[in-house]
Each structure stands twice: as structure tokens, then as C-alpha cells.
Amino acid sequence: QVQLVESGGGLVQAGGSLRLSCAASGRTSSNYAMGWFRQAPGKEREFVAAISRSGDYTYYGDSMRGRFTISRDNAKNTVDLQMNSLKPEDTAVYYCAAGRAGTSSYRHYEYWGQGTQVTVSS
């Protein structure tokens with residue numbers, strides 16, 4: 001079992017930045033690829049970013065590429081998501097997830113955090 005706890009969400013104005021963090025406990029998180037997903041009200045869960053177990057490879061959703069950066073620290077069992085140039089359409093609950101394969105499909109992730117709310121005002 002892997003337990004995931006997100007933090008860092010909040011309210012920010014358009015154009016601003018936020019840094020989300022995900023703390024993992026339980027089984028060694030370095031055995032898992034990690035991902036961030038988001039879900040806005042009335043919408044499907046959307047892929048944001050993923051990072052390989054070693055941290056050597058990263059992947060981003062199309063609308064996040066160039067604005068968001070995912071990183072991990074396996075010594076601290078944390079995964080961060082730096083979000084810059086935020087837009088109102090980035091408003092959603094952001095979830096951290098762990099899985100054997102770092103894909104863009106939420107079906108490939110076994111463990112999920114409870115989520116953290118990000119609200120971007122215009």
C-alpha cells in the first residue's frame with residue numbers, strides 16, 4: 001500500500017503560480033511512477049503530468065506543457081508540481097497518483113491521494 005497526501009492548493013489570480021506537493025508513505029514510492037491528474041466539476045478526470053520512477057522521464061498534458069513542471073525527490077518520497085502562468089481553466093481538484101507505469105491514463109494508477117483544490121480567478 002502507498003498512501004498519498006497532496007498539499008499546496010489554494011486560490012491564485014490568473015497568471016500566478018502555485019506549487020503542489022505530494023507526500024508518499026508506505027511502500028517505497030521510488031518503485032512507482034507518479035502522476036498528477038485534475039478534475040473540474042462536471043468534467044472527466046484529466047491527465048496533467050507524469051514522471052518515471054527514476055525521475056529521468058516526464059510527460060505532460062497538451063495544455064500544461066511549458067507551464068507546469070513535475071519533479072520528484074525519492075529520498076524524501078515527494079513529488080511536486082510547479083504550476084506557472086495559471087489560467088481560470090486550470091481550476092480543478094488536483095490528485096496525485098502512483099502506478100507501475102507512468103501513463104496518461106488514470107486506469108494505470110493504483111493509488112490516489114484525496115486531492116487538493118486549485119482555484120484560479122480571472
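Computed from a predicted model, the values in this text were never measured in an experiment.
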**Prompt:** Is there a donor-acceptor pair under 3.5 Å between the side chain of N84 and the backbone N or O of L18?
**Reply:** no

**Request:** Identify the heavy atoms of E6 and Y95 that sit nearest to each other, and give their distance.
**Result:** OE2-CA, 3.4 Å

**Request:** Answer whether the closest heavy-atom distance between the side chains of F68 and L86 falls below 4.5 Å.
**Result:** yes

**Spacing of L81 atom CG and W36 atom CH2 [to the nearest 0.5 Å]** = 6.0 Å

**Prompt:** Hey, does the side chain of T78 reach the backbone of A23 with a donor-acceptor pair shorter than 3.5 angstrom?
**Reply:** no

**Asked** Does the D73 side chain pair with the main chain of K76, one donor and one acceptor, at a distance under 3.5 Å?
**Response** yes

**Message:** Hydrophobic cluster membership, with links at side-chain heavy-atom distances under 4.5 Å among I/L/V/M/F/W/Y: are W112 and Y32 in one?
**Reply:** no

**Request:** Could you grab the distance from atom NZ of K43 to atom CD of E89, nearest 0.5 Å is fine?
**Result:** 8.0 Å

**Fill in**
So CD of Q13 and OG1 of T119: to nearest 0.5 Å the spacing works out to 13.0 Å

**Message:** With rounding to the nearest 0.5 angstrom, report the OG to CG distance, S7 to L20.
**Reply:** 8.0 Å

**Side-chain donor or acceptor of S52 paired with backbone N/O of Y57 under 3.5 Å** = yes

**Prompt:** Can a donor-acceptor pair be found between the side chains of Y106 and R45 at a distance below 3.5 Å?
**Reply:** no

**Asked** Do you know the tightest heavy-atom contact between L4 and Y111?
**Response** CD1-O, 3.5 Å

**Message:** Assess the residue pair F47 and M64 against the criterion (side chain to side chain contact (heavy atoms under 4.5 Å, CB included)); give the C-alpha distance rounded to whole Å, side-chain angles, the decisive distance to 0.1 Å, and a yes or no.
**Reply:** CA-CA 9 Å; F47 171 70; M64 298 82 176; over 6 Å; no

**Message:** I need the single residue from T91, D90, T116, V118 that forms a side chain to side chain contact (heavy atoms under 4.5 Å, CB included) with R38. Which is it?
**Reply:** D90

**Asked** Any idea which heavy atoms bring R72 and A33 closest together, and the distance?
**Response** NH1-CA, 4.0 Å

**Item:** Trace of the side chain to side chain contact (heavy atoms under 4.5 Å, CB included) decision for N74 with R53
**Value:** CA-CA 9 Å; N74 286 339; R53 284 174 284 183; 5.9 Å; no

**Item:** S104 versus F37, closest heavy-atom pair with distance
**Value:** O-CE2, 3.5 Å

**Prompt:** Which pair of non-hydrogen atoms, one from C96 and one from M34, has the smallest distance, and what is that distance?
**Reply:** SG-CE, 3.6 Å

**Asked** Would you say the side-chain atoms of R65 pair up with the backbone N or O of Y60, donor to acceptor, closer than 3.5 Å?
**Response** yes

**Message:** Testing the 3.5 Å rule here: is there a donor-acceptor pair between the side chains of D80 and S71?
**Reply:** no

**Spatial distance of atom CZ (R19) from atom CD (Q82) [nearest 0.5 Å]** = 5.0 Å

**Item:** Donor-acceptor under 3.5 Å (R67 side chain, S85 main chain)
**Value:** yes

**Message:** Same cluster or not: V12 versus M83, using hydrophobic residues (I, L, V, M, F, W, Y) connected whenever any side-chain heavy atoms lie under 4.5 Å apart?
**Reply:** yes

**Asked** Are Y109 and Y59 linked, directly or through other ILVMFWY residues, by side chains that come within less than 4.5 angstrom of each other?
**Response** yes

**Fill in**
Tightest non-hydrogen contact, residues Q3 and Q1, listed as NE2-CB, 3.5 Å

**Request:** To the nearest 0.5 angstrom, please state how far the CZ atom of R100 sits from the CG atom of N31.
**Result:** 6.0 Å

